[in-house]
There are 2 protein chains.
Amino acid sequence: MQYSSSKENHIKAIFHLQESDGLVTTNELAAALQTKPASVTDMLKKLKQQKLLNYERYKGFKLSSEGKKVALQIIRKHRLWEYFLVEKLQFGWDEVHEIAEELEHISSVRLIDRLDEFLGFPKTDPHGDPIPDKNGKLIEIMQVPLSLLPENTPAIVSGIGDQSQEMLELLNHKQIAIGTRLEITRKFSFDQSMELKLKQSPVITLSEPVAKNIFVRYDQ
Amino acid sequence: MQYSSSKENHIKAIFHLQESDGLVTTNELAAALQTKPASVTDMLKKLKQQKLLNYERYKGFKLSSEGKKVALQIIRKHRLWEYFLVEKLQFGWDEVHEIAEELEHISSVRLIDRLDEFLGFPKTDPHGDPIPDKNGKLIEIMQVPLSLLPENTPAIVSGIGDQSQEMLELLNHKQIAIGTRLEITRKFSFDQSMELKLKQSPVITLSEPVAKNIFVRYDQ
DNA sequence: TATTTTTTTTAGATTTGTCTAAATATTATT
DNA sequence: AATAATATTTAGACAAATCTAAAAAAAATA
Ligand SMILES: [Mn+2]
Ligand SMILES: [Mn+2]
Ligand SMILES: [Mn+2]
Ligand SMILES: [Mn+2]
């Protein structure tokens, strides 16, 4: 089956929202897609009719298992293209999201499987998010927010929560990327800010909102 | 400026048709796009309004210079993606057209310029067609149809006229590709069919309709 | 040139995706 | 529980891209 870009964007956004929230609401989805609640309601009816969505009016909604399958294929495409853009075309990790937002709607399955192979079957995208395999299987990455990492414990940056331009810009400036090794040297209980030691870099300071959006796994 | 995929498909098709015909007609364009003349008329009005097209009703039409610029950028994208698919993702030259038909509508100019660089600024696509540079400059390839090549004159395949699945399949079978060196050993005046010698291949026979759609340049 | 045929355009519908404004349902607050 | 606030849906409109059927113009032919 083929779906319009707009439908695919809705499906993908519902998938991401239901990860955290379980049931998704109309206003939530409208906000995520920068559209209006009335437009969302219209689309929900169509997705329901195509059996991609479990939805009853006023009751919230979530993807059917078929809907989830579709979502995972879109996410696979999005993340593989992001990887391509960064690793092959030398884009920065803060420049690829919008382009991948278009590329993810290219329909050919053979294309994406060949791309996967060409890239060497990468496990995660440039933001540390896992790439579903061709069957839609998505691995869970064991990681904790940097804000919960104890002091003096070596860790490796493995993921980013808020991936907005602003956040990625800040991380670029602080020289933090996926794979960066670090260790918290000092935590301040007043504001939960922290000082970090990065391998071969001067000490840096991060605020709590930033630390909550950096995910790490223990080193070794 | 950004145009819808449908508009871009119209613009590109007009460009190709006017290459040969000068002025393009409504029915011609409808046939090329597998759509109806009434739909074409609707689109022509929109393209005219956007000053991409010189059009007066019942009089035929052709692209404005702005329209040509737009067309060349779409063609650039189409051909660079085809090159990528064949050279990097190992697709056959008979498998890439449809996928490129979608990829050509991805809007990012930076993406296409980076792709061009990644590919090493190729001059022609997998079918021998020249790739416009970032300014839309298109080189002319000096070539003649194989049907006009004299006997016993070494030549190199440089382009294909009819690029339909059927034609490319036939050429695959005959082991003819862009860059293939060949020489006509015998021409039959009865039907204009010919026998060819390919480097390290048995002699093959081609009919006139095929020979008219293979373009060659003289070897050396 | 008159008539027929072909081409092109117009008129009016349809589908998809979006919107605003109004109505209705649900949830929160007195 | 009644009322107020919020969330969601419905009603009706609009733009884009397409179509069919009919009208009009141009081209071909008798
Ligand atoms: Mn998208
Ligand atoms: Mn990503
Ligand atoms: Mn296209
Ligand atoms: Mn080509």
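Numbered from 1 within each chain, the chains take letters A, B, ... in sequence-line order.
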Measure the CG-CG distance between Asp116(A) and Leu80(A) for me, rounded to the nearest 0.5 Å.
4.5 Å
Check this one for me: any side-chain N or O of Lys46(B) less than 4.0 Å away from OP1 or OP2 of dA17(D)?
yes
Can you tell me how far P of dT26(C) sits from NZ of Lys59(A), to the nearest Å?
7 Å
Closest approach to the side chain of Tyr55(A), judged atom by atom: which nucleotide of dT10(C), dT9(D), dA16(D) is it?
dT9(D)
If you compare every side-chain N and O of Lys7(A) against the phosphate oxygens of dG17(C) (OP1, OP2), does one of them come in below 4.0 Å?
yes
To the nearest Å, give me how far apart CG (Leu29(A)) and P (dA7(D)) are.
15 Å
May I ask you to evaluate whether Asn27(A) reaches the phosphate of dT8(D), defined as a side-chain N or O under 4.0 Å from OP1 or OP2?
yes
Is the shortest side-chain N/O distance from Thr25(B) to OP1 or OP2 of dT7(C) below 4.0 Å?
no
Applying side chain to side chain contact (heavy atoms under 4.5 Å, CB included) between Leu196(B) and each of Thr205(B), Thr180(B), Ile184(B), Ile214(B), report the one that passes.
Ile184(B)
I need the Leu89(B) CG to Phe84(B) CZ distance, nearest 0.5 Å.
4.0 Å
Closest-nucleotide mapping onto DNA chain C: is Arg57(A) or Ser5(A) further toward the 5' terminus? I mean the 5' end.
Ser5(A)
Looking at Ser39(B), I'd like to know whether one of its side-chain N or O atoms comes within less than 4.0 Å of OP1 or OP2 on dC19(D).
yes
Using a heavy-atom cut-off of under 4.0 Å over every strand shown, decide if Ser6(A) touches base, sugar-phosphate, or nothing.
sugar-phosphate
Is the number of heavy atoms from other residues, nucleotides or ligands under 6.0 Å of Gln175(B) CD greater than 12?
no
Any chance NZ of Lys187(B) has more than 12 other-residue heavy atoms, nucleotides or ligands included, within less than 6.0 Å?
yes
Which one, dA17(D), dG17(C), dT9(C), comes nearest to the side chain of Ser4(A)?
dG17(C)
Taking CE from Met43(B) and P from dT9(C), how many angstroms apart are they, rounded to a whole number?
14 Å
Of all the nucleotides listed (dA25(D), dA17(D), dT18(C)), which has the minimum atom distance to the side chain of Tyr58(B)?
dA25(D)
Distance, rounded to the nearest Å, where His105(A) contributes NE2 and dG17(C) contributes P
12 Å
Side chain of Lys88(B), backbone of Phe118(A): donor and acceptor closer than 3.5 Å?
no
Side chain of Lys36(B), heavy atoms from C-beta onward: which of dT10(C), dT20(D), dC19(C) has the nearest atom to it?
dT20(D)
Which whole-number value in Å describes the distance from Leu53(B) CG to dT8(C) P?
14 Å
Does Thr41(A) put a side-chain nitrogen or oxygen below 4.0 Å from OP1 or OP2 of dT9(D)?
yes
Just the rounded figure in Å: distance from P of dT18(D) to CG of Leu44(B).
12 Å
Need one value for Lys45(A): base, sugar-phosphate or nothing, where a base atom within 4.0 Å counts as base even if backbone is also close, heavy atoms only.
sugar-phosphate
By the 4.0 Å heavy-atom rule, please label Thr26(B) as base, sugar-phosphate, or nothing.
sugar-phosphate
Rounded to whole angstrom units, what separation is found between the CG atom of Asp42(B) and the P atom of dG12(C)?
14 Å
Could you state the atom-to-atom distance from CD of Gln50(B) to C1' of dA16(D) in whole Å?
12 Å
Among the nucleotides dT9(C), dT18(D), dG17(C), whichever has the atom closest to the side chain of Ala38(B) is dT9(C)
